[in-house]
Amino acid sequence: MARIKTTLTREQYLKKFSRAVRWRLPPQESEEAIADYRELIFREERDESKLVEELGEPVQAAHLLTDVQTYRRWLTVFAVLAFGVFLLAKWAFMGHSSFYFTFAEQWWYPVWVMAAGLVLSLYWFRRHGQKNGTTSKWLVLALVVVLVFGVGTMAWNWHVFDSSFLDGYAEVYPLVIPWQVILQRELIINGGVVCALIALAGLILAKCYDRRWLALYTLAVTVAAVCGFIIFFCRSIDIGYAIRSSAQSYLFARLIPIGAVGLIGTGVALC
């Protein structure tokens, strides 16, 4: 069966080539390659209908510029980090883990994933990533949105885990579930999933454009881990009197250091 010949306009070719090369090469090298190909593609004597024939498919052209060994290492790093993000989203949505380790409570599982992700991602991007120009205003906006959501979720959980509120909740449960608890549940479940997806987007943008986008990954992973911690904690406790009187102090004595580590990691990613 004869192969269908691909025809791309100059803009289409450059767009596909740019995407492929940004994923495969470090930011500075990819921008240099894009500039070179832009010059080749937009030459007046270049026949647009023969772009693919003369230069090859965009992905193939990007592959020829790729250091295969470095690219495979990046794919390994990305697979590990993406799997961690998947686990955070899964745990937030389902509220339990298929893994069980006898030496630790399940609410620590999201924190382990967060810690491994921060260490691996910061090491990789500080060593192989590059800054491009000034910090993007979209990055700043995204960080503010995630931070406001994270702080707001922590504040709401502080209220819900207050002993006076839990005492009232225990009196009517399970006949009535207060709207405050329903809102808390929606915040940590949906927020955890959304922050995990935002973290994945930050990881991709850090590779393709500017390593400072890693700050979005570190902050969003931290918020997702905090949400997962709270979800596991809520599903693992019985709201007896002893728990009601100490739940708030126990929970936030752990959440505050977790959040502080995430903020430090975010600052390091921006530097």
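Just so you know, these numbers use all the heavy atoms, side chains as well, and skip hydrogens, waters and symmetry mates.
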Take a 6.0 Å sphere around OH of Tyr123 and say whether it holds more than 12 heavy atoms from other residues, nucleotides or ligands. no
Using the side chain to side chain donor-acceptor pair (under 3.5 Å) rule, collect all pairs that involve residues 176-185, keeping only residues at least two apart or in two chains. Asn157-Gln184
Can you list, pair by pair, the side-chain donor-acceptor contacts under 3.5 Å of residues 138-153, counting residues two or more places apart and other chains?
unit_1 : atom_1 : unit_2 : atom_2 : d
Thr153 : OG1    : Phe149 : O      : 2.8

Taking all atoms of both residues into account, what is the closest heavy-atom pair of Ala20 and Ala62, and its distance? CB-CB, 3.7 Å
Considering only residues two or more places apart or on different chains, which pairs with a residue in residues 121-133 satisfy salt bridge (Lys or Arg N to Asp or Glu O under 4.0 Å)? none
Is there a side-chain contact between Phe42 and Leu14, using heavy atoms and a 4.5 Å cut-off? yes
Locate the shortest heavy-atom distance separating Pro58 from Leu8; write the atom from each residue and the value. CG-CD1, 3.8 Å
So, using side chain to side chain contact (heavy atoms under 4.5 Å, CB included) as the criterion, who are the partners of Glu29 when residues are at least two apart? Leu25, Pro26
How would you list all residue pairs meeting salt bridge (Lys or Arg N to Asp or Glu O under 4.0 Å) that involve residues 193-214, not counting sequence neighbours? Asp210-Arg212
Please identify each residue that fulfils side chain to side chain contact (heavy atoms under 4.5 Å, CB included) with Ala206, with sequence neighbours left out. Phe125, Trp213, Leu214
Atom pair CZ/CG of Phe83 and Leu88 - distance to nearest 0.5 Å: 10.5 Å
Val194: side chain to side chain contact (heavy atoms under 4.5 Å, CB included) partners, not counting sequence neighbours: Ile198
With sequence neighbours left out, what residues match Ala61 under side chain to side chain contact (heavy atoms under 4.5 Å, CB included)? Tyr13, Phe17, Tyr37
Non-neighbouring partners of Phe93 that pass ring-ring contact (aromatic ring centres under 6.0 Å, His included), sequence neighbours left out: none
Above 12 or not: heavy atoms from other molecules or residues under 6.0 Å from CZ of Arg72? no
Ring centers of Trp112, Tyr109 separated by less than 6.0 Å: yes
Test item: Cys195 and Val226 side chains (from C-beta on) under 4.5 Å apart, heavy atoms: no
Any side-chain heavy atom of Arg73 sitting closer than 4.5 Å to one from Trp124? yes
Would you check if Val261 and Met114 make a side-chain contact, meaning some heavy-atom pair closer than 4.5 Å? yes
Closest non-hydrogen atom pair, Gly202 against Leu216: CA-CD2, 4.1 Å
Heavy-atom count around His63 NE2 within 6.0 Å, excluding the residue itself: above 12? no
Does anything in residues 251-271 form a ring pair (Phe, Tyr, Trp, His ring centres under 6.0 Å)? List the pairs, not counting sequence neighbours. Trp158-Phe252
Going by the rule salt bridge (Lys or Arg N to Asp or Glu O under 4.0 Å), which residues pair with Arg19 if we only count those two or more places apart in sequence or in a different chain? none
Is atom CD of Glu186 surrounded by more than 12 heavy atoms (other residues, nucleotides or ligands) closer than 6.0 Å? yes
Apply ring-ring contact (aromatic ring centres under 6.0 Å, His included) to Tyr250 and list each qualifying residue two or more places apart in sequence or on a separate chain. Phe233
